[in-house]
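Report on the following structure.
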Amino acid sequence: MAHQPQRGGGGNDRNRRDNRNAPQADGPDSDIIEKLVHINRVAATVKGGRRFSFAALMVVGDGKGRVGFGHGKAREVPEAIRKATEEAKKTMIRVPLRENRTLHHDGNGRWGAGKIMVRSAPPGTGVIAGGPMRAVLETLGVQDVVGKSTGSSNPYNMIRATFEALKVQSSPRQIASKRGKKVADLMGRRNDGASAPEAVES
């Protein structure tokens with residue numbers, strides 16, 4: 001009697017193919033944090049009437065010093081979010097963090113009518129910022145920071161102004177390499193400057 005092939009094998013092959021095409025949890029984008037900042041419905045007047053579409057503003061980051069933002073527009077909200085997320089991942093920048101929790105120094109950013117200020121803070125302060133600024137700082141991985149917006153509340157201008165302030169952040173290692181010195185020399189000079197008044201008073 002001839003051996004009959006089992007019909008269940010095809011299903012297993014199909015499952016293997018599906019698992020192969022499924023996204024892996026340990027991929028490079030598995031630790032990316034995505035935040036939807038703003039979504040707007042826009043209308044274009046055409047011959048037959050008005051055609052509606054949606055514009056999304058997304059912020060993405062890895063929580064370890066990298067952050068980016070993107071803008072996407074489509075007829076449906078999920079597609080607009082997907083486009084904005086892909087653009088944000090392509091434009092991510094790296095920002096040096098002090099002790100992996102706060103910024104190295106204060107900074108100001110301006111874009112159009114948007115004007116913001118960010119300041120480093122001691123441990124336990126938390127993220128004191130609102131709106132789009134908070135989304136950027138949280139996805140960046142900052143735990144202690146103080147942010148203030150003194151200009152336009154337009155989310156696009158606020159996001160770009162925040163990125164302008166983050167781009168000028170520099171760590172002591174970067175400053176030392178530019179000056180051709182060692183980090184210990186810069187830190188020692190700062191400590192000497194801080195202790196100078198005490199020596200004068202004594």
Side-chain angles (χ1 to χ4, degrees), residues 26-38 56-72 81-187 189-191:
D26 56 351
D29 296 337
S30 59
D31 56 347
I32 294 295
I33 305 171
E34 302 175 358
K35 286 185 179 291
L36 176 62
V37 176
H38 183 71
L57 178 62
M58 292 288 297
V59 173
V60 302
D62 61 356
K64 302 175 183 178
R66 296 179 64 223
V67 66
F69 76 98
H71 171 259
I81 293 176
R82 185 190 65 81
K83 289 182 179 180
T85 303
E86 289 182 356
E87 181 182 343
K89 291 179 180 179
K90 294 178 182 178
T91 60
M92 294 180 71
I93 63 172
R94 180 169 294 279
V95 181
L97 300 179
R98 185 175 67 185
E99 302 173 359
N100 293 326
R101 63 167 187 84
T102 188
L103 303 176
H104 281 281
H105 55 82
D106 302 347
N108 297 308
R110 185 167 187 173
W111 186 278
K115 189 189 305 181
I116 66 97
M117 174 194 65
V118 289
R119 308 185 71 174
S120 58
T125 303
V127 180
I128 302 179
M133 287 182 59
R134 186 179 188 89
V136 174
L137 296 173
E138 287 181 346
T139 53
L140 176 62
V142 179
Q143 302 175 8
D144 303 300
V145 68
V146 177
K148 178 68 175 178
S149 174
T150 58
S152 170
S153 60
N154 184 294
Y156 292 91
N157 287 342
M158 288 183 64
I159 289 286
R160 289 185 171 92
T162 304
F163 271 79
E164 290 299 315
L166 295 177
K167 287 179 182 178
V168 299
Q169 287 288 317
S170 300
S171 64
R173 182 179 301 176
Q174 293 173 341
I175 298 298
S177 63
K178 290 180 180 179
R179 297 182 181 179
K181 298 180 179 294
K182 296 181 180 180
V183 178
D185 297 337
L186 297 180
M187 304 303 290
R189 181 180 300 178
R190 187 172 68 178
N191 293 336

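- Counting heavy atoms from C-beta on, the side chains of Val37 and Val136 never come closer than 4.5 Å.
- Using a distance-only test at 3.5 Å, with no hydrogens or angles considered, no donor-acceptor pair links the side chain of Thr139 to the main chain of Val67.
- Counting only residues at least two apart or on different chains, the side-chain hydrogen bond (donor to acceptor under 3.5 Å, both in side chains) pairs with a member in residues 122-136 are Arg134-Glu138.
- With hydrogens and angles ignored, the 3.5 Å screen pairs no side-chain donor or acceptor of Asn108 with any backbone N or O of Met117.
- When side chains are defined from C-beta on, Leu103 counts as touching Leu166, because their heavy atoms get closer than 4.5 Å.
- Side-chain atoms of Asp62 never come within 3.5 Å of backbone atoms of Ile32 as a donor-acceptor pair (strictly under, hydrogens ignored).
- A side-chain donor-acceptor contact under 3.5 Å links Arg101 to the backbone of Ala121.
- Taking the side chain as every heavy atom from C-beta outward, Ile81 and Glu34 never approach each other to under 4.5 Å.
- Residue Lys115 holds its NZ atom at 4.5 Å from CZ of Arg110, rounded to the nearest 0.5 Å.
- Not counting sequence neighbours, Asn100 has no partner by the side-chain contact (heavy atoms from CB on, under 4.5 Å) test.
- Legend: residues meeting ring pair (Phe, Tyr, Trp, His ring centres under 6.0 Å) with His38, ordered by chain and number and at least two apart, are absent.
- Contacts of Glu86 classified as side-chain hydrogen bond (donor to acceptor under 3.5 Å, both in side chains), with partners at least two apart in sequence or in another chain: Arg82.
- Two residues are said to be in side-chain contact when any heavy atoms from C-beta on lie closer than 4.5 Å; Asp106 and Ser120 meet this criterion.
- Taking the side-chain contact (heavy atoms from CB on, under 4.5 Å) definition, one finds that Glu164 meets it with Trp111, Lys167, sequence neighbours left out.
- Here ring pair (Phe, Tyr, Trp, His ring centres under 6.0 Å) pairs that include residues 124-169, with residues two or more places apart or in two chains, are Phe69-Phe163, His71-Tyr156.
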